[in-house]
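Have a look at the structure below before the remarks.
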Amino acid sequence: MMAESAEHREAIVVVGPTAAGKTDYAVALALSCGGEVVSADSMQVYVGLDKGTAKPSAEEMRGVPHHMIDVADPHEDYSVAQFAAAARRCIDDIFARGKVPVVCGGSGLYVNALIFDMGLGEDITAQRRMRQHPASTSDELYAELVRRDPLAAWGIHPNNVKRIRRALDRLDAAPELRPFSGSFVLTRQFTPRIIRLAPDREALYRRIDARVDAFIANGLVGEVRGLLADGVGRGTTAMQGIGYKEIAAYLGGECTQGEAVTRIKYATHHLAKRQETWFRRYEGAEIVRI
RNA sequence: GCCCAGAUAGCUCAGUUGGUAGAGCAACGGACUGAAAAUCCGUGUGUCCCUAGUUCGAUUCUUGGUCUGGGCA
């Protein structure tokens, strides 16, 4: 039992903004320490989202086993709870094999769900989440949340209708789950050694722009066309991914390809900024400037 | 060469009946607890083309330039 305490189970956690080079960095680390990569990326989980997510190829993996990639059907919305449950099983298996888990993540919430025990529970909700709150104004929705879960309302801006609805849906689906407070408990599964890649902002944007152009040159438009033809709706989480929603709009005749490409670049800049904001909060992280 | 129009934020533009200016996009900062590549909050960063006038005061009006469009030759 002692052997299972977190102190004896260290996992490396590589975080940073998109296009910073996390994949290469994590693979190199894994090769040097006998590790296996656990992706913490909300879009690489989907089968078929390859070109627009910079999903690592077999060559890029360099023989290192990768987990939590291609584990979800893009027709169905995945969730952080499903991710956390499955990823933790992967991490346990890696430890059982005597290897080191190298978590490699760009999705802040997904990383949080591993390094904190958030009390998410197993599986769940995608199908229970759907209750409608018909014809309510955002003010009415917010008032309802304040009444039913003041603590949750405390942390949600009244304009953030999507979050308000989600909080209400969660109350409807599983009111007994997880009190809001007390969920930032460091995980007992392992001790994280966090490495944060911190690229120069301007250089990062240049790299992002070049990478977006490369996505297009490598056939992103065709990939999106194929997904749409397969019945992956534009409202799905997968099709909300950067590069996917913009190309879908282009294919729908709503803008030119050039406009779509520009929007993808800007959206990716914004994403990188948000990721940096999120990961800057990880105190004690080893910062690698690149 | 002549005639028109324009010149204001990184970009596209609005505006000031004369009191040194504001939108969208970009950029920057932040939040984030079961959709998170989502969603939301906040910040204006400026020789108002130059010049000489009129004026207490000019980005605004007037003179003369420069540049950029468009038209006529």
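Naming: A, B, ... by sequence-line order, numbering from 1 per chain.
Each of A27(B), A36(B), A31(B) was ranked by its minimum atom distance to the side chain of R166(A); first place goes to A36(B). Listed nucleotides: C41(B), A31(B), C28(B). Nearest to the side chain of R201(A): C28(B). Listed candidates were A36(B), G29(B), C41(B). Nearest to the side chain of S107(A) is A36(B). Minimum atom distance to the side chain of H157(A) is reached by C41(B), of the listed A36(B), C41(B), A26(B). Closest to the side chain of T277(A), out of A36(B), C41(B), G30(B), is G30(B). The side chain of Y46(A) lies closest to A36(B) when the candidates are A36(B), C40(B), A26(B). Distance from the side chain of T237(A) is smallest to A36(B) among A36(B), C41(B), A27(B). Side-chain proximity of M43(A) to the nucleotides C40(B), A27(B), A36(B) is greatest for A36(B). Taking the side chain of R280(A) as heavy atoms from C-beta on, and the options A35(B), G29(B), U33(B), the nearest nucleotide is G29(B).
Within 4.0 Å of K273(A), counting heavy atoms only, lies at least one base atom of the nucleic acid. Across all strands, T236(A) comes closer than 4.0 Å to no nucleic acid atom at all (heavy-atom distances). Residue contacts for F83(A): at a heavy-atom cut-off of 4.0 Å it reaches no nucleic acid atom on any strand shown. Residue contacts shown for G106(A) are limited to sugar-phosphate atoms, with no base heavy atom under 4.0 Å away.
U59(B) makes up no base pair with any nucleotide shown, lacking Watson-Crick or G-U wobble contacts both under 3.5 Å. The partner of A36(B), taking Watson-Crick or G-U wobble pairs whose two distances both stay under 3.5 Å, does not exist in any strand shown. Under the Watson-Crick or G-U wobble criterion, with both distances below 3.5 Å, A9(B) is left unpaired in every strand shown. When both distances must be under 3.5 Å, the Watson-Crick or G-U wobble mate of U43(B) is A27(B). Both distances falling under 3.5 Å, in either a Watson-Crick or a G-U wobble arrangement, place G69(B) opposite C4(B). Within the shown strands, nothing qualifies as a pairing partner of U16(B) under the Watson-Crick or G-U definition with both distances less than 3.5 Å.
Ring-plane geometry between Y78(A) and Y46(A) is classed as perpendicular, the angle between the planes exceeding 60 degrees on a 0 to 90 degree scale with a lower cut at 30.
In this structure, L109(A) atom CG and C40(B) atom C1' are separated by 15 Å, rounded to whole Å. Rounded to whole angstrom, the span from the CD1 atom of I164(A) across to the P atom of U33(B) amounts to 12 Å. Following rounding to the nearest Å, H270(A) (NE2) and C28(B) (P) show an atom-to-atom distance of 9 Å. When the C1' atom of A31(B) is taken as reference, atom CG of N112(A) falls 13 Å away, rounded to whole Å. Computed from coordinates, the E202(A) CD to G10(B) C1' distance equals 12 Å when rounded to whole Å. Atom pair F116(A):CZ and U33(B):P shows a separation of 13 Å (rounding to whole Å applied).
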Could you walk me through whether H269(A) and D209(A) pass the side chain to side chain donor-acceptor pair (under 3.5 Å) test, one step at a time? CA-CA 9 Å; H269(A) 296 180; D209(A) 292 349; 2.9 Å; yes
If you apply the rule side chain to side chain donor-acceptor pair (under 3.5 Å), what do you find for T18(A) with R211(A), and how did you get there? CA-CA 10 Å; T18(A) 186; R211(A) 196 170 76 163; 2.8 Å; yes
Determine whether E36(A) and H67(A) satisfy the following criterion, side chain to side chain donor-acceptor pair (under 3.5 Å), listing intermediate values before the conclusion. CA-CA 8 Å; E36(A) 298 185 17; H67(A) 307 272; 2.7 Å; yes
Kindly determine whether R88(A) and Q189(A) satisfy side chain to side chain donor-acceptor pair (under 3.5 Å), including the steps that lead there. CA-CA 8 Å; R88(A) 295 200 115 104; Q189(A) 189 185 23; 3.1 Å; yes
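Distance noted for atom C1' between A26(B) and G22(B): 16 Å (whole Å). The separation of U16(B) from C11(B), taken at their C1' atoms, amounts to 22 Å, rounded to a whole angstrom. Comparing the C1' positions of G69(B) and A31(B) gives a spacing of 46 Å, expressed to the nearest Å. Taking atom C1' in both U60(B) and A73(B), the straight-line distance is 35 Å, to the nearest Å. Here, U43(B) and A7(B) have their P atoms 29 Å apart, quoted to the whole Å. Nucleotides A23(B) and A14(B) are separated by 7 Å at their C1' atoms, to the nearest Å. Across C40(B) and C13(B), the matching P atoms stand 29 Å from one another, rounded to whole Å.
Checking Y205(A) against D200(A) by side-chain atom types alone, no donor-acceptor pair falls below 3.5 Å.
In this structure, Y266(A) has no ring pair (Phe, Tyr, Trp, His ring centres under 6.0 Å) partners at least two apart in sequence or on a different chain. Not a single ring pair (Phe, Tyr, Trp, His ring centres under 6.0 Å) links F215(A) to another residue, sequence neighbours left out.
Contact between the side-chain N/O atoms of R165(A) and the OP1/OP2 oxygens of A35(B) is not found at any separation under 4.0 Å. The side chain of N159(A) contributes an N or O atom lying less than 4.0 Å from OP1 or OP2 of C41(B). Within the structure, every side-chain polar atom (N or O) of H269(A) is placed at least 4.0 Å from both OP1 and OP2 of A26(B). For C25(B), neither phosphate oxygen OP1 nor OP2 lies less than 4.0 angstrom from any side-chain nitrogen or oxygen of Y266(A).
Counting heavy atoms from C-beta on, the side chains of T191(A) and R9(A) never come closer than 4.5 Å.
Transitive grouping of hydrophobic side chains (ILVMFWY, heavy atoms separated by less than 4.5 Å) keeps L29(A) and F95(A) in distinct clusters.
Listed in residue order, the members of residues 208-222 of chain A having a heavy atom less than 4.0 Å from RNA chain B come to none.
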